[in-house]
Amino acid sequence: MTNMLIEQIIKEKIAEAVQQLYGQEFDSQKVQVQNTRKDVEGDLTVVVFPFLRISKKSPELTASELGQYLQEQVEEVASFSVVKGFLNFTISTSYWINQLAEAFNDSEFGFTKAMDDSPLVMVEYSSPNTNKPLHLGHIRNNLLGFSLGEMLKANGKKVVKTNIVNDRGIHICKSMYAWQQWGEGQTPESTGIKGDHLVGNFYVLFDKHYKQEIEALISQGLSKEEAEQKAPSIVAARELLLKWEAKDPETIELWSMMNQWVYDGFDVTYKELGVDFDKIYYESETYLEGKAEVLRGLEEGVFEQRDDSSVWADLVEEGLDQKILLRSDGTSVYMTQDIGTAKLRFKDFDIDKMVYVVGNEQNYHFQVLSILLDKLGYSWGKGLHHFSYGMVELPHGKMKSREGTVVDADDLMAGMIDVARKTSEELGKLEGYSEEEAMETYKTIALGALKYFILKVDPKKNMLFNPEESIDFNGNTGPFIQYTYARIRSVLRKAADKGIHPSISFDASLQISEKETELIKTISLYPVAVAEAAEAYSPAVIANYVYNLVKEYNQFYHDHSILNESDEQVVNFRLVLSANVAKIVKSGMGLMGISVPERM
RNA sequence: GCCUCGGUAGCUCAGUUGGAUAGAGCAACGCCCUUCUAAGGCGAAGGUCAUGGGUUCGAAUCCCGUCCGGGGUACCA
């Protein structure tokens, strides 16, 4: 990550120098420019090894000849040094000061605005089942999806955030059956239990009975497989699914009622998490479209039917296996509805790119989906993008709902807020705030800690979450970053009280410290980070960038006083520098869906 | 079995297209609040980058083998 402007100048001038000095063409884009190591003097470093073949001179001599040329030709180059064959350039202070002024004057610094003809990206994320509440795995999904949307917008894309709710299928039938059998008419109102949790309870209850039935059947001499198929509960749930697909009014009514409980619960969780959607699809509304597509494929000979009347796709030619698309009883599977959903989406929107934020356990599914849609004749089938992210693991392995090791989303957030409140009260930070204002701040900090903890990790990698240890508020954490923001805001308020408002009222010849230069360099890299993050589909790029910026700012803050400085130009420069850091922190955290507090 | 992803400090994670002496945080140890918020700053300590080969001026990074771990390969989603 290097500053593009000056990097580009250096690349071109180095290529020119090679041409001038050694008489050979060199592609300027292949010139390697990197940030100079912290312990070496300079800002940008050119690697000269690739030129040795051309110069036929030692690395040291080649470097100093090239350095000499640039110092003479490039105004921004103040000086250069050669260390072990690396050519280090020091860029003039005035260049950096001008960079700061530019960043300061741009309220949308680092962002590209979307135009009417900008490409439209649809981002699918969240995609819950309606048989149980959201858990930690969903949290990672939701945070990544939301953040991806924000990052794409920041890079000039039009974004439609979407959600596919898996509201039908055998899973919800299990909860429905359990409620019918053992529910005794319970509702969220009658029990005071959040709707999604209540339905989840019945799903667990189903599983308990199901397991008991299986054991009973096995003890009667049935094989495990037979028992799993013949247990009365699962038979009943399957019947419910058939009745549902046959639109049996009583079944539909029960289904609607229980799903509504779940939606009401999800809404609360989504709101707390701060995520939202522009368009929600329901599997119950798309699976028929999928079924129709599969049957069309069958007619056209793309798919085949077996003797038991189940429908399959043969993907052996693609190096894959057989894939079921319709069960022998005619009901549809996950894949069936995903085909229908994709088709409807491309009908509803003028999509340039479709992105699915779904865990890496489904890599195979999306590989197949893409091929199937292509086989069905959709030109966009091959272009679907699966944003595949890693699992959240607990110290003892994967989360398993049936083993009670699931970290519930609502509980987790509530717990974090509690920790934030206790910490804040201990430190006595929010004196003078009303209870309401304080609560807002606790939430900001708690959610900041949780979101940053998850988003700072490379999405592609599995990550570990230990529920025994609460998430830290010190070090490389969300609250550390928020704290820096709050400190800057505090300084800016104090400045305003004195009637000082940051403005570019210092000139480029101002003498500034190394740390200050360092900070401006980092500031000027924000647009690069924003672009890289979107390209890599990785909020972690933003997280790392912001953390680094804030760490540098804290060092500056520790070593330099701002308002107590006597030279007005210096006061102003430092205020501008600080305000800029605050602006970027707010913006960068915003890309991760994290808000920042005025005080903490 | 086959496919696929991963293995960096005690722990959690960074490490850009191959570049200089592999970096942070946590934990543990020392220091710094009469001065803009100490949820902060500074110092010291901590490494056979799983392992064996290869490619080259140069490898945590690229290639091959081995070991270990995750995920997938369902008429689950």
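Order of the sequence lines sets the chain letters (A, B, ...), proteins ahead of strands, with each chain counted from 1. Because only heavy atoms are used, hydrogens play no part in the values below, and waters and symmetry mates are left out as well, while side chains stay in.
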Quick one: which protein N/O atoms are closer than 3.5 Å to N/O atoms of nucleotides 21-27 of chain B? Pair and distance per line, please.
residue, atom, partner, partner atom, Å
U21(B), O2', Arg37(A), NH2, 3.4
A24(B), O2', Tyr547(A), OH, 2.8
G25(B), O2', Asn476(A), N, 3.3

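- Considering only side-chain atoms of Glu393(A), the nucleotide from G70(B), G19(B), A39(B) that sits closest is G70(B).
- Residue Asn363(A) is out of contact with every strand shown, counting any heavy-atom pair closer than 4.0 Å.
- Two rings, from Tyr334(A) and His365(A), have their centers less than 6.0 Å apart.
- Contact annotation for Leu563(A): base contact, defined as any heavy-atom pair under 4.0 Å involving a base atom.
- Within the nucleic acid shown, Asn131(A) has no heavy atom closer than 4.0 Å to any nucleic acid atom.
- Taking atom P in both G25(B) and U4(B), the straight-line distance is 38 Å, to the nearest Å.
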Fill in: Worked check of salt bridge (Lys or Arg N to Asp or Glu O under 4.0 Å) between Lys11(A) and Glu7(A)
CA-CA 6 Å; Lys11(A) 279 183 174 177; Glu7(A) 179 187 353; 3.3 Å; yes
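- No side-chain N or O of Gln569(A) forms a donor-acceptor pair with one of Asn572(A) less than 3.5 Å apart.
- For the residue pair Thr423(A) and Glu426(A), no side-chain donor N or O sits within less than 3.5 Å of a side-chain acceptor on the partner.
- Of the candidates A20(B), A77(B), U37(B), A77(B) carries the atom nearest the Glu283(A) side chain, counting heavy atoms from C-beta on.
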Discussion item. Applying salt bridge (Lys or Arg N to Asp or Glu O under 4.0 Å) to Lys323(A) and Glu318(A), what does each step give before you reach the verdict?
Written reply: CA-CA 12 Å; Lys323(A) 189 76 194 175; Glu318(A) 283 80 7; over 6 Å; no
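- Within the structure, a side-chain polar atom (N or O) of Lys494(A) is placed less than 4.0 Å from OP1 or OP2 of U37(B).
- Residue pairs meeting the ring pair (Phe, Tyr, Trp, His ring centres under 6.0 Å) criterion with at least one partner in residues 27-63 of chain A, sequence neighbours excluded, are Phe26(A)-Phe51(A), Phe49(A)-Phe86(A).
- Stacking of Phe86(A) onto the six-membered ring of A20(B) is present: less than 5.5 angstrom between centres, less than 30° between planes.
- When distances are taken from the side chain of Met463(A) to each of A20(B), G40(B), C13(B), the shortest belongs to C13(B).
- Nucleotides G18(B) and C36(B) are separated by 49 Å at their P atoms, to the nearest Å.
- For the pair Arg306(A) and Trp312(A), the cation-pi test (distance below 6.0 Å, angle within 45°) is passed.
- For A39(B), its base never sits under 3.5 Å from the side chain of Thr484(A) at any donor and acceptor pair.
- Across all strands shown, A39(B) remains unpaired; no Watson-Crick or G-U wobble contact has both distances below 3.5 Å.
- Between U37(B) and Ser490(A), a contact under 4.0 Å exists linking OP1 or OP2 to a side-chain N or O.
- Contact check, Arg489(A) against C36(B): no side-chain N or O comes under 4.0 Å of OP1 or OP2.
- Side-chain atoms of Asn476(A) and Tyr452(A) form a donor-acceptor pair, as typed in the model, at a separation below 3.5 Å.
- Contact annotation: Tyr483(A) side-chain N/O to A39(B) OP1/OP2 distance is under 4.0 Å.
- For Arg168(A) and Tyr282(A), the positive end is not near the middle of the six-membered ring at less than 6.0 Å and at most 45° from its axis.
- Among the atoms of the strands shown, none is found under 4.0 Å from any heavy atom of Ser388(A).
- Residues Asp418(A) and Arg421(A) are paired through a salt bridge, judged by an N-O separation under 4.0 Å between the basic side chain and the carboxylate.
- Within the nucleic acid shown, Leu320(A) has no heavy atom closer than 4.0 Å to any nucleic acid atom.
- For C2(B), the paired base is G72(B) (Watson-Crick or G-U wobble, both distances below 3.5 Å).
- Taking the P atoms as reference points, G53(B) lies 25 Å from U16(B), given to the whole Å.
- The side chain of Tyr334(A) approaches A77(B) more closely than any other nucleotide in the set A38(B), A77(B), G41(B).
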Please tabulate, one pair per line, each protein N/O and nucleotide N/O from nucleotides 33-35 of chain B that are separated by under 3.5 Å, including the distance.
none

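- Of the C1' atoms belonging to G47(B) and A24(B), the separation is 14 Å, rounded to the nearest Å.
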Worksheet entry | Verdict with reasoning, Glu518(A) to Lys521(A), per salt bridge (Lys or Arg N to Asp or Glu O under 4.0 Å) | CA-CA 5 Å; Glu518(A) 209 51 50; Lys521(A) 277 158 71 177; 3.6 Å; yes
Can you tabulate the close N/O pairs, meaning under 3.5 Å, that link protein atoms to atoms of nucleotides 42-47 of chain B?
residue, atom, partner, partner atom, Å
C42(B), OP1, Gln555(A), NE2, 2.8

Which protein N or O atoms sit under 3.5 Å from an N or O of nucleotides 54-60 of chain B?
none

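- Using a distance-only test at 3.5 Å, with no hydrogens or angles considered, a donor-acceptor pair links the side chain of Asn259(A) to the main chain of Asp167(A).
- Along RNA chain B, the nucleotide nearest to Glu598(A) and the one nearest to Phe480(A) differ in position, and the one closer to the 5' end is contacted by Glu598(A).
- If you check distances only, the side chain of Lys30(A) never reaches the base of U17(B) with a donor-acceptor pair under 3.5 Å.
- As the counterpart of A24(B), U12(B) is assigned, both hydrogen-bonding distances of the Watson-Crick or G-U wobble pattern falling under 3.5 Å.
- Between the side chains of Asn131(A) and Ser175(A), no donor-acceptor pair is found at a separation under 3.5 Å.
- Here, A14(B) and G6(B) have their P atoms 12 Å apart, quoted to the whole Å.
- Residue pairs satisfying the ring pair (Phe, Tyr, Trp, His ring centres under 6.0 Å) criterion with at least one member in residues 470-501 of chain A, sequence neighbours excluded, are listed as follows: Phe480(A)-Tyr547(A).
- Residue Val457(A) is classed as a sugar-phosphate contact, given heavy-atom separations below 4.0 Å to backbone atoms only.
- Comparing Asp458(A) and Gln322(A) by the nucleotide of RNA chain B that holds the closest heavy atom to each, the one mapping nearer the 5' end is Asp458(A).
- Proximity of Lys461(A) to the phosphate of A14(B): a side-chain N or O atom is located under 4.0 Å from OP1 or OP2.
- Both tests pass for Arg487(A) against the ring of Tyr557(A): distance under 6.0 Å to the centre and angle within 45° of the axis.
- For the P atom pair drawn from C62(B) and U17(B), the interatomic distance equals 9 Å after rounding to whole Å.
- The separation of G10(B) from A50(B), taken at their P atoms, amounts to 13 Å, rounded to a whole angstrom.
- Taking atom P on both nucleotides, G58(B) is separated from G15(B) by 26 Å, rounded to a whole Å.
- If you check G71(B), A77(B), A20(B) against the side chain of Thr36(A), the one that comes closest is A20(B).
- Annotation: Tyr203(A) is not in aromatic contact with Phe206(A) [ring centroid separation under 6.0 Å not met].
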